[in-house]
2 protein chains.
Amino acid sequence: MMQVPQGTVLFRPEDACQGFVVVHSGTIKVTLTAENGREIVLYRVRPGEVCLQTFGCLVNRTTYSAEGVAETDCALEVVPAGEFERLVENDPVFRTRLFGAVAARFADLERLVEDVALSSVAERLARALLRLAGSADAVDATHEALASEIGSAREVISRQLAVFAREGLIAVTRGHIELTGRARLEALAHLAE
Amino acid sequence: MMQVPQGTVLFRPEDACQGFVVVHSGTIKVTLTAENGREIVLYRVRPGEVCLQTFGCLVNRTTYSAEGVAETDCALEVVPAGEFERLVENDPVFRTRLFGAVAARFADLERLVEDVALSSVAERLARALLRLAGSADAVDATHEALASEIGSAREVISRQLAVFAREGLIAVTRGHIELTGRARLEALAHLAE
DNA sequence: CGCGCCTTGGTGACATAGTCACAGACCGGC
DNA sequence: GCCGGTCTGTGACTATGTCACCAAGGCGCG
(Lines give C-alpha, C1' and ligand atoms only; values in the text may rest on other atoms or scores of the structure.)
Protein backbone atom coordinates (compact mmCIF):
# COMPACT_ATOMS: atom_id res chain seq x y z
CA MET A 1 0.00 0.00 0.00
CA MET A 2 1.21 3.46 -0.87
CA GLN A 3 0.00 6.93 0.10
CA VAL A 4 0.37 9.79 -2.36
CA PRO A 5 -0.70 13.44 -1.89
CA GLN A 6 -3.01 15.33 -4.20
CA GLY A 7 -1.32 16.55 -7.36
CA THR A 8 1.22 13.76 -7.57
CA VAL A 9 1.96 12.79 -11.16
CA LEU A 10 1.67 9.01 -11.16
CA PHE A 11 2.69 8.43 -14.75
CA ARG A 12 3.47 10.39 -17.91
CA PRO A 13 3.48 9.47 -21.58
CA GLU A 14 6.46 7.21 -22.37
CA ASP A 15 7.03 6.17 -18.78
CA ALA A 16 7.75 2.51 -18.30
CA CYS A 17 5.24 0.71 -16.16
CA GLN A 18 6.02 -0.37 -12.60
CA GLY A 19 3.08 -2.62 -11.97
CA PHE A 20 -0.64 -2.88 -11.89
CA VAL A 21 -2.34 -0.13 -9.86
CA VAL A 22 -5.42 -0.63 -7.70
CA VAL A 23 -6.98 2.47 -6.12
CA HIS A 24 -8.11 2.05 -2.51
CA SER A 25 -9.08 5.66 -1.80
CA GLY A 26 -9.04 8.94 -3.72
CA THR A 27 -9.31 9.41 -7.47
CA ILE A 28 -6.81 9.42 -10.30
CA LYS A 29 -7.43 11.66 -13.30
CA VAL A 30 -6.12 10.37 -16.63
CA THR A 31 -5.57 12.98 -19.35
CA LEU A 32 -4.08 13.43 -22.80
CA THR A 33 -2.13 16.56 -23.69
CA ALA A 34 -1.14 17.87 -27.13
CA GLU A 35 2.03 19.83 -27.82
CA ASN A 36 0.05 23.06 -28.15
CA GLY A 37 -1.00 22.57 -24.53
CA ARG A 38 -4.57 21.55 -25.14
CA GLU A 39 -5.67 18.80 -22.85
CA ILE A 40 -8.59 16.44 -22.42
CA VAL A 41 -9.66 14.25 -19.52
CA LEU A 42 -10.02 10.62 -20.62
CA TYR A 43 -11.50 9.20 -17.44
CA ARG A 44 -11.09 8.92 -13.69
CA VAL A 45 -10.14 5.91 -11.64
CA ARG A 46 -12.12 5.62 -8.42
CA PRO A 47 -11.76 3.55 -5.25
CA GLY A 48 -11.97 -0.17 -5.86
CA GLU A 49 -11.14 0.30 -9.53
CA VAL A 50 -8.01 -0.61 -11.37
CA CYS A 51 -5.94 1.64 -13.59
CA LEU A 52 -6.05 0.44 -17.16
CA GLN A 53 -3.10 2.41 -18.39
CA THR A 54 -1.04 -0.06 -16.44
CA PHE A 55 -3.07 -2.88 -17.94
CA GLY A 56 -1.99 -1.94 -21.46
CA CYS A 57 1.60 -1.69 -20.34
CA LEU A 58 1.67 -5.06 -18.67
CA VAL A 59 -0.10 -6.97 -21.39
CA ASN A 60 1.58 -5.59 -24.48
CA ARG A 61 4.79 -4.34 -22.88
CA THR A 62 4.17 -0.88 -24.24
CA THR A 63 4.60 2.44 -22.43
CA TYR A 64 1.97 4.84 -21.20
CA SER A 65 0.41 7.20 -23.69
CA ALA A 66 -1.50 9.31 -21.20
CA GLU A 67 -0.75 11.18 -17.99
CA GLY A 68 -2.16 10.24 -14.60
CA VAL A 69 -2.46 12.65 -11.68
CA ALA A 70 -3.77 12.10 -8.17
CA GLU A 71 -6.80 14.37 -8.08
CA THR A 72 -7.09 13.93 -4.32
CA ASP A 73 -4.85 12.28 -1.75
CA CYS A 74 -4.77 8.62 -2.72
CA ALA A 75 -4.06 5.23 -1.21
CA LEU A 76 -2.80 2.91 -3.92
CA GLU A 77 -1.71 -0.67 -4.14
CA VAL A 78 0.85 -1.57 -6.78
CA VAL A 79 0.83 -5.17 -7.94
CA PRO A 80 4.11 -6.18 -9.61
CA ALA A 81 3.90 -7.66 -13.12
CA GLY A 82 4.62 -11.24 -12.03
CA GLU A 83 2.05 -11.15 -9.28
CA PHE A 84 -0.43 -9.64 -11.73
CA GLU A 85 -0.02 -12.54 -14.13
CA ARG A 86 -0.39 -15.05 -11.33
CA LEU A 87 -3.62 -13.39 -10.17
CA VAL A 88 -5.05 -13.36 -13.68
CA GLU A 89 -4.30 -17.07 -14.04
CA ASN A 90 -5.48 -18.27 -10.67
CA ASP A 91 -7.85 -15.83 -9.06
CA PRO A 92 -11.31 -15.85 -10.64
CA VAL A 93 -12.52 -12.98 -8.46
CA PHE A 94 -9.61 -10.78 -9.47
CA ARG A 95 -10.11 -11.73 -13.08
CA THR A 96 -13.80 -10.94 -13.03
CA ARG A 97 -13.17 -7.56 -11.47
CA LEU A 98 -10.45 -6.82 -13.98
CA PHE A 99 -12.65 -7.75 -16.92
CA GLY A 100 -15.50 -5.67 -15.63
CA ALA A 101 -13.22 -2.67 -15.28
CA VAL A 102 -11.81 -3.14 -18.77
CA ALA A 103 -15.25 -3.39 -20.33
CA ALA A 104 -16.54 -0.37 -18.42
CA ARG A 105 -13.56 1.77 -19.35
CA PHE A 106 -13.86 0.67 -22.91
CA ALA A 107 -17.47 1.81 -23.01
CA ASP A 108 -16.44 5.10 -21.38
CA LEU A 109 -13.92 5.76 -24.11
CA GLU A 110 -16.46 5.04 -26.82
CA ARG A 111 -18.84 7.49 -25.22
CA LEU A 112 -16.04 10.02 -25.07
CA VAL A 113 -15.27 9.64 -28.77
CA GLU A 114 -18.93 10.10 -29.56
CA ASP A 115 -19.07 13.15 -27.33
CA VAL A 116 -16.01 14.84 -28.74
CA ALA A 117 -16.60 13.96 -32.37
CA LEU A 118 -20.33 14.33 -32.67
CA SER A 119 -21.77 16.79 -30.18
CA SER A 120 -21.72 20.51 -29.54
CA VAL A 121 -19.80 22.42 -26.90
CA ALA A 122 -23.01 23.47 -25.18
CA GLU A 123 -24.11 19.85 -24.72
CA ARG A 124 -20.70 18.64 -23.65
CA LEU A 125 -20.29 21.46 -21.15
CA ALA A 126 -23.75 20.83 -19.71
CA ARG A 127 -22.91 17.15 -19.28
CA ALA A 128 -19.54 17.95 -17.72
CA LEU A 129 -21.11 20.33 -15.20
CA LEU A 130 -23.71 17.76 -14.18
CA ARG A 131 -21.10 15.02 -13.95
CA LEU A 132 -18.76 17.12 -11.80
CA ALA A 133 -21.57 18.34 -9.57
CA GLY A 134 -22.83 14.82 -8.88
CA SER A 135 -25.67 15.15 -6.42
CA ALA A 136 -24.49 18.59 -5.27
CA ASP A 137 -25.89 21.76 -6.80
CA ALA A 138 -22.60 23.50 -7.47
CA VAL A 139 -19.19 22.92 -9.03
CA ASP A 140 -15.83 24.34 -7.99
CA ALA A 141 -13.71 24.64 -11.10
CA THR A 142 -11.96 27.25 -13.17
CA HIS A 143 -12.93 27.80 -16.78
CA GLU A 144 -9.53 26.42 -17.69
CA ALA A 145 -10.27 23.18 -15.82
CA LEU A 146 -13.66 22.83 -17.51
CA ALA A 147 -12.02 23.35 -20.89
CA SER A 148 -9.64 20.45 -20.29
CA GLU A 149 -12.56 18.42 -19.04
CA ILE A 150 -14.21 18.53 -22.46
CA GLY A 151 -11.13 19.13 -24.63
CA SER A 152 -11.99 22.68 -25.55
CA ALA A 153 -10.46 26.12 -24.88
CA ARG A 154 -10.89 28.45 -21.94
CA GLU A 155 -12.34 31.32 -23.98
CA VAL A 156 -14.96 29.01 -25.44
CA ILE A 157 -15.98 27.89 -21.97
CA SER A 158 -16.15 31.45 -20.67
CA ARG A 159 -18.48 32.40 -23.49
CA GLN A 160 -20.66 29.33 -23.16
CA LEU A 161 -20.95 29.78 -19.39
CA ALA A 162 -21.99 33.38 -20.02
CA VAL A 163 -24.74 32.12 -22.31
CA PHE A 164 -25.93 29.58 -19.72
CA ALA A 165 -25.89 32.29 -17.06
CA ARG A 166 -27.87 34.69 -19.25
CA GLU A 167 -30.49 31.95 -19.65
CA GLY A 168 -30.62 31.41 -15.90
CA LEU A 169 -29.24 27.85 -15.98
CA ILE A 170 -26.26 28.67 -13.77
CA ALA A 171 -24.73 31.44 -11.68
CA VAL A 172 -21.01 32.01 -12.16
CA THR A 173 -18.48 33.47 -9.74
CA ARG A 174 -14.71 33.12 -9.72
CA GLY A 175 -13.90 29.42 -9.51
CA HIS A 176 -17.47 28.44 -8.63
CA ILE A 177 -20.66 27.64 -10.53
CA GLU A 178 -24.12 27.25 -9.02
CA LEU A 179 -26.48 24.99 -10.88
CA THR A 180 -29.72 26.90 -10.70
CA GLY A 181 -31.98 25.61 -13.52
CA ARG A 182 -30.63 22.08 -13.20
CA ALA A 183 -33.61 20.57 -14.98
CA ARG A 184 -33.06 22.65 -18.08
CA LEU A 185 -29.37 21.84 -17.97
CA GLU A 186 -30.24 18.15 -17.95
CA ALA A 187 -32.59 18.60 -20.86
CA LEU A 188 -29.79 20.26 -22.79
CA ALA A 189 -27.34 17.51 -21.88
CA HIS A 190 -29.58 14.77 -23.18
CA LEU A 191 -30.52 16.37 -26.46
CA ALA A 192 -27.99 14.39 -28.43
CA GLU A 193 -27.56 11.01 -26.81
CA MET B 1 -18.00 -20.90 -38.63
CA MET B 2 -20.22 -18.46 -40.46
CA GLN B 3 -19.91 -16.73 -43.83
CA VAL B 4 -21.33 -13.24 -44.28
CA PRO B 5 -21.26 -11.08 -47.42
CA GLN B 6 -19.86 -7.57 -47.60
CA GLY B 7 -22.20 -4.95 -46.21
CA THR B 8 -23.90 -7.19 -43.66
CA VAL B 9 -24.77 -5.33 -40.49
CA LEU B 10 -23.46 -7.55 -37.72
CA PHE B 11 -24.72 -5.52 -34.80
CA ARG B 12 -26.41 -2.19 -34.09
CA PRO B 13 -26.64 -0.03 -30.98
CA GLU B 14 -28.96 -1.64 -28.43
CA ASP B 15 -28.78 -5.09 -29.97
CA ALA B 16 -28.40 -7.87 -27.46
CA CYS B 17 -25.24 -9.88 -27.87
CA GLN B 18 -25.27 -13.39 -29.31
CA GLY B 19 -21.75 -14.44 -28.45
CA PHE B 20 -18.13 -13.63 -28.76
CA VAL B 21 -17.00 -12.99 -32.35
CA VAL B 22 -13.65 -14.07 -33.77
CA VAL B 23 -12.80 -12.91 -37.31
CA HIS B 24 -11.15 -15.53 -39.53
CA SER B 25 -11.12 -13.60 -42.79
CA GLY B 26 -12.32 -10.18 -43.94
CA THR B 27 -12.64 -7.04 -41.86
CA ILE B 28 -15.39 -5.61 -39.69
CA LYS B 29 -15.80 -1.85 -39.45
CA VAL B 30 -17.10 -0.52 -36.14
CA THR B 31 -18.70 2.94 -36.20
CA LEU B 32 -20.67 5.38 -34.07
CA THR B 33 -23.49 7.42 -35.57
CA ALA B 34 -25.23 10.49 -34.15
CA GLU B 35 -28.89 11.33 -34.77
CA ASN B 36 -27.91 14.08 -37.19
CA GLY B 37 -26.32 11.39 -39.34
CA ARG B 38 -22.72 12.20 -38.64
CA GLU B 39 -20.63 9.13 -38.24
CA ILE B 40 -17.14 8.17 -37.12
CA VAL B 41 -15.15 4.96 -37.56
CA LEU B 42 -13.95 3.67 -34.19
CA TYR B 43 -11.73 0.84 -35.41
CA ARG B 44 -11.60 -2.23 -37.62
CA VAL B 45 -11.42 -5.85 -36.61
CA ARG B 46 -9.05 -7.88 -38.79
CA PRO B 47 -8.44 -11.60 -39.29
CA GLY B 48 -7.29 -13.35 -36.13
CA GLU B 49 -8.67 -10.57 -34.00
CA VAL B 50 -11.65 -10.62 -31.70
CA CYS B 51 -14.50 -8.17 -31.65
CA LEU B 52 -14.52 -6.21 -28.43
CA GLN B 53 -18.03 -4.91 -28.70
CA THR B 54 -19.07 -8.43 -27.91
CA PHE B 55 -16.56 -8.49 -25.08
CA GLY B 56 -18.28 -5.59 -23.32
CA CYS B 57 -21.64 -7.27 -23.81
CA LEU B 58 -20.57 -10.57 -22.40
CA VAL B 59 -18.69 -9.24 -19.40
CA ASN B 60 -21.07 -6.56 -18.19
CA ARG B 61 -24.26 -7.88 -19.77
CA THR B 62 -24.80 -4.57 -21.50
CA THR B 63 -25.90 -3.98 -25.09
CA TYR B 64 -23.88 -2.72 -28.01
CA SER B 65 -23.33 1.00 -28.31
CA ALA B 66 -21.78 0.95 -31.77
CA GLU B 67 -22.61 -0.48 -35.17
CA GLY B 68 -20.58 -3.20 -36.87
CA VAL B 69 -20.60 -3.81 -40.62
CA ALA B 70 -18.76 -6.39 -42.70
CA GLU B 71 -16.47 -4.24 -44.83
CA THR B 72 -15.61 -7.23 -47.01
CA ASP B 73 -16.97 -10.75 -47.20
CA CYS B 74 -16.16 -12.28 -43.83
CA ALA B 75 -15.72 -15.67 -42.22
CA LEU B 76 -16.62 -15.44 -38.56
CA GLU B 77 -16.72 -17.74 -35.62
CA VAL B 78 -19.27 -17.05 -32.90
CA VAL B 79 -18.40 -18.39 -29.48
CA PRO B 80 -21.48 -18.67 -27.22
CA ALA B 81 -21.33 -16.92 -23.85
CA GLY B 82 -20.89 -20.11 -21.81
CA GLU B 83 -18.11 -21.39 -24.02
CA PHE B 84 -16.48 -17.96 -23.85
CA GLU B 85 -16.35 -18.08 -20.06
CA ARG B 86 -14.96 -21.60 -20.12
CA LEU B 87 -12.19 -20.54 -22.51
CA VAL B 88 -11.28 -17.53 -20.40
CA GLU B 89 -11.00 -19.76 -17.33
CA ASN B 90 -9.15 -22.65 -18.82
CA ASP B 91 -7.35 -21.69 -22.00
CA PRO B 92 -4.25 -19.59 -21.37
CA VAL B 93 -3.63 -19.11 -25.10
CA PHE B 94 -7.13 -17.81 -25.67
CA ARG B 95 -6.83 -15.57 -22.64
CA THR B 96 -3.54 -14.11 -23.74
CA ARG B 97 -4.86 -13.38 -27.19
CA LEU B 98 -7.96 -11.79 -25.72
CA PHE B 99 -5.95 -9.59 -23.37
CA GLY B 100 -3.66 -8.48 -26.15
CA ALA B 101 -6.62 -7.51 -28.29
CA VAL B 102 -8.26 -5.62 -25.46
CA ALA B 103 -5.12 -3.67 -24.67
CA ALA B 104 -4.46 -2.86 -28.32
CA ARG B 105 -8.00 -1.68 -28.93
CA PHE B 106 -7.85 0.37 -25.79
CA ALA B 107 -4.73 2.12 -27.03
CA ASP B 108 -6.42 2.66 -30.40
CA LEU B 109 -9.34 4.39 -28.79
CA GLU B 110 -7.06 6.66 -26.79
CA ARG B 111 -5.28 7.62 -29.96
CA LEU B 112 -8.62 8.30 -31.59
CA VAL B 113 -9.70 10.59 -28.78
CA GLU B 114 -6.43 12.46 -29.06
CA ASP B 115 -6.85 12.72 -32.80
CA VAL B 116 -10.41 13.96 -32.75
CA ALA B 117 -10.07 16.27 -29.79
CA LEU B 118 -6.65 17.76 -30.34
CA SER B 119 -5.63 17.81 -33.99
CA SER B 120 -6.65 19.58 -37.17
CA VAL B 121 -8.67 18.21 -40.05
CA ALA B 122 -5.67 18.48 -42.38
CA GLU B 123 -3.58 16.24 -40.14
CA ARG B 124 -6.32 13.76 -39.52
CA LEU B 125 -7.19 13.51 -43.18
CA ALA B 126 -3.55 13.01 -44.11
CA ARG B 127 -3.27 10.22 -41.56
CA ALA B 128 -6.50 8.62 -42.75
CA LEU B 129 -5.34 8.63 -46.37
CA LEU B 130 -2.03 7.02 -45.47
CA ARG B 131 -3.73 4.46 -43.24
CA LEU B 132 -6.26 3.50 -45.91
CA ALA B 133 -3.64 3.36 -48.65
CA GLY B 134 -1.38 1.06 -46.65
CA SER B 135 1.54 0.22 -48.87
CA ALA B 136 -0.39 1.14 -52.03
CA ASP B 137 -0.12 4.60 -53.55
CA ALA B 138 -3.82 5.23 -54.00
CA VAL B 139 -7.10 5.09 -52.10
CA ASP B 140 -10.56 4.24 -53.41
CA ALA B 141 -13.04 6.14 -51.31
CA THR B 142 -15.72 8.79 -51.65
CA HIS B 143 -15.41 12.08 -49.80
CA GLU B 144 -18.38 10.96 -47.75
CA ALA B 145 -16.54 7.82 -46.65
CA LEU B 146 -13.43 9.80 -45.73
CA ALA B 147 -15.56 12.18 -43.70
CA SER B 148 -16.96 9.32 -41.62
CA GLU B 149 -13.44 7.94 -41.30
CA ILE B 150 -12.35 11.02 -39.34
CA GLY B 151 -15.71 12.14 -37.98
CA SER B 152 -16.00 15.24 -40.12
CA ALA B 153 -18.34 16.41 -42.91
CA ARG B 154 -18.19 15.73 -46.63
CA GLU B 155 -17.85 19.39 -47.62
CA VAL B 156 -14.92 19.83 -45.27
CA ILE B 157 -13.19 16.84 -46.85
CA SER B 158 -13.86 18.08 -50.38
CA ARG B 159 -12.26 21.40 -49.55
CA GLN B 160 -9.29 19.91 -47.77
CA LEU B 161 -8.66 17.47 -50.61
CA ALA B 162 -8.75 20.40 -53.01
CA VAL B 163 -6.07 22.11 -50.91
CA PHE B 164 -3.90 18.97 -50.89
CA ALA B 165 -4.36 18.63 -54.65
CA ARG B 166 -3.42 22.26 -55.25
CA GLU B 167 -0.21 21.63 -53.29
CA GLY B 168 0.54 18.54 -55.37
CA LEU B 169 0.22 16.07 -52.48
CA ILE B 170 -2.58 14.11 -54.15
CA ALA B 171 -4.54 13.80 -57.39
CA VAL B 172 -8.29 13.47 -57.02
CA THR B 173 -10.79 11.86 -59.35
CA ARG B 174 -14.29 10.61 -58.60
CA GLY B 175 -13.99 7.93 -55.92
CA HIS B 176 -10.23 7.69 -56.24
CA ILE B 177 -7.22 9.50 -54.79
CA GLU B 178 -3.60 9.09 -55.96
CA LEU B 179 -0.97 9.77 -53.36
CA THR B 180 1.59 11.70 -55.32
CA GLY B 181 3.76 13.61 -52.80
CA ARG B 182 3.49 10.87 -50.23
CA ALA B 183 6.52 12.09 -48.31
CA ARG B 184 5.02 15.51 -47.77
CA LEU B 185 1.75 13.91 -46.74
CA GLU B 186 3.61 11.90 -44.14
CA ALA B 187 5.36 14.98 -42.86
CA LEU B 188 1.98 16.64 -42.45
CA ALA B 189 0.53 13.62 -40.70
CA HIS B 190 3.26 13.52 -38.09
CA LEU B 191 3.30 17.20 -37.26
CA ALA B 192 1.20 16.82 -34.15
CA GLU B 193 1.87 13.43 -32.63
C1' DC C 1 -2.89 49.90 4.16
C1' DG C 2 -0.65 50.13 -0.43
C1' DC C 3 1.99 47.67 -3.66
C1' DG C 4 3.27 44.08 -6.79
C1' DC C 5 2.36 39.79 -8.74
C1' DC C 6 -0.01 35.83 -10.07
C1' DT C 7 -4.31 33.55 -11.36
C1' DT C 8 -8.64 33.90 -13.32
C1' DG C 9 -11.90 35.71 -16.45
C1' DG C 10 -13.61 38.96 -20.44
C1' DT C 11 -13.42 40.54 -25.19
C1' DG C 12 -12.47 41.73 -30.08
C1' DA C 13 -10.53 40.09 -34.25
C1' DC C 14 -9.48 36.57 -36.89
C1' DA C 15 -8.76 31.46 -38.47
C1' DT C 16 -10.60 26.94 -38.85
C1' DA C 17 -14.39 23.69 -39.04
C1' DG C 18 -19.32 22.38 -39.64
C1' DT C 19 -24.03 23.22 -41.70
C1' DC C 20 -27.29 24.25 -45.20
C1' DA C 21 -28.91 24.84 -49.72
C1' DC C 22 -28.28 24.09 -54.17
C1' DA C 23 -25.99 23.24 -58.75
C1' DG C 24 -23.24 20.60 -61.80
C1' DA C 25 -20.65 16.48 -63.12
C1' DC C 26 -20.28 11.60 -63.57
C1' DC C 27 -22.13 6.89 -64.19
C1' DG C 28 -24.86 3.21 -65.05
C1' DG C 29 -29.10 1.20 -67.12
C1' DC C 30 -32.28 1.51 -70.74
C1' DG D 1 -28.98 9.86 -75.87
C1' DC D 2 -31.82 10.14 -71.78
C1' DC D 3 -32.72 9.51 -66.77
C1' DG D 4 -32.08 8.86 -62.09
C1' DG D 5 -29.00 8.18 -58.66
C1' DT D 6 -24.56 9.16 -56.66
C1' DC D 7 -20.71 12.06 -56.07
C1' DT D 8 -18.53 16.52 -55.90
C1' DG D 9 -18.12 21.81 -55.80
C1' DT D 10 -19.39 26.20 -53.84
C1' DG D 11 -21.31 30.26 -51.42
C1' DA D 12 -23.16 31.90 -47.23
C1' DC D 13 -23.61 31.40 -42.69
C1' DT D 14 -22.89 29.50 -37.84
C1' DA D 15 -19.97 27.37 -34.42
C1' DT D 16 -15.62 26.61 -32.52
C1' DG D 17 -10.73 27.58 -31.71
C1' DT D 18 -6.76 30.88 -31.50
C1' DC D 19 -4.36 35.03 -30.41
C1' DA D 20 -3.49 39.24 -28.13
C1' DC D 21 -4.38 41.87 -24.58
C1' DC D 22 -6.62 43.89 -20.57
C1' DA D 23 -9.35 43.91 -16.25
C1' DA D 24 -10.63 41.97 -11.86
C1' DG D 25 -9.84 39.23 -7.84
C1' DG D 26 -6.76 37.17 -4.42
C1' DC D 27 -2.62 37.13 -1.67
C1' DG D 28 1.75 38.00 0.41
C1' DC D 29 4.61 41.46 2.24
C1' DG D 30 6.83 45.83 3.47
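Order of the sequence lines sets the chain letters (A, B, ...), proteins ahead of strands, with each chain counted from 1. As a basis for the values below, the full set of heavy atoms in this structure was taken, side chains included, without hydrogen atoms, waters or symmetry mates. On a predicted model such as this, the values are computed, not experimentally measured, just so you know.
Among C:dG9, C:dC26, C:dG18, the nucleotide with an atom closest to any side-chain atom of A:H143 is C:dG9. With distances taken from any side-chain atom of B:S158 to the nucleotides D:dT16, C:dA17, D:dT8, the minimum falls on D:dT8. Side chain of B:R174, nearest nucleotide from C:dT7, C:dA25, C:dG18: C:dA25.
Of the two residues contacting DNA chain D, namely B:T173 and A:R124, the nearest-nucleotide position lying further toward the 5' end is that of B:T173. Residues B:E155 and A:G175 each lie close to DNA chain C; by heavy-atom proximity, the contact nearer the 5' end of the strand is made by A:G175.
Judged by distance alone, the side chain of A:T180 and the main-chain N or O of A:L169 form a donor-acceptor pair under 3.5 Å.
Distance CD (B:E123) to P (C:dA17): 9 Å, rounded to an integer number of Å. A:L125 has its CG atom 11 Å from the P atom of D:dT16, to the nearest Å. Between the CD atom of A:Q160 and the P atom of C:dG9 there is a distance of 16 Å, given to the nearest Å. A straight line from CZ of A:R38 to C1' of D:dT16 spans 9 Å, rounded to a whole angstrom. In this structure, B:I170 places its CD1 atom 12 Å from P of D:dT8, rounding to the nearest Å. Look at CD1 on B:I177: it is 8 Å from P on D:dT8, rounded to the nearest Å. Between the C1' atom of C:dT8 and the CG atom of A:L146 lies a distance of 12 Å, rounded to the nearest Å. When rounded to the nearest whole Å, the span between CG of B:N36 and P of C:dG18 equals 12 Å.
For B:R154 against C:dG18, a side-chain-to-base donor-acceptor contact under 3.5 Å is absent. Between the side chain of B:R159 and the base of D:dG11 there is at least one donor-acceptor pair of N/O atoms closer than 3.5 Å.
With a 4.5 Å cut-off on side-chain heavy atoms, A:D73 and A:Q3 do not count as touching. When side chains are defined from C-beta on, B:E149 counts as touching B:V41, because their heavy atoms get closer than 4.5 Å. A:V79 is not listed as a side-chain neighbour of A:V50, based on a closest heavy-atom distance of 4.5 Å or more. Counting heavy atoms from C-beta on, the side chains of B:V102 and B:L98 come closer than 4.5 Å. Between A:R154 and A:I157 there is no side-chain heavy-atom pair separated by less than 4.5 Å.
Within the helix from C:dC1-D:dG30 to C:dC30-D:dG1, the inter-axis angle between the opening and closing five-pair segments is 20°, rounded to 10°.
The residue A:V156 sits close to a base: some heavy atom pair falls under 4.0 Å.
A sub-4.0 Å separation between OP1 or OP2 of D:dG17 and a side-chain N or O of A:S152 is present.
Checking A:S119 against A:R127 by side-chain atom types alone, a donor-acceptor pair falls below 3.5 Å.
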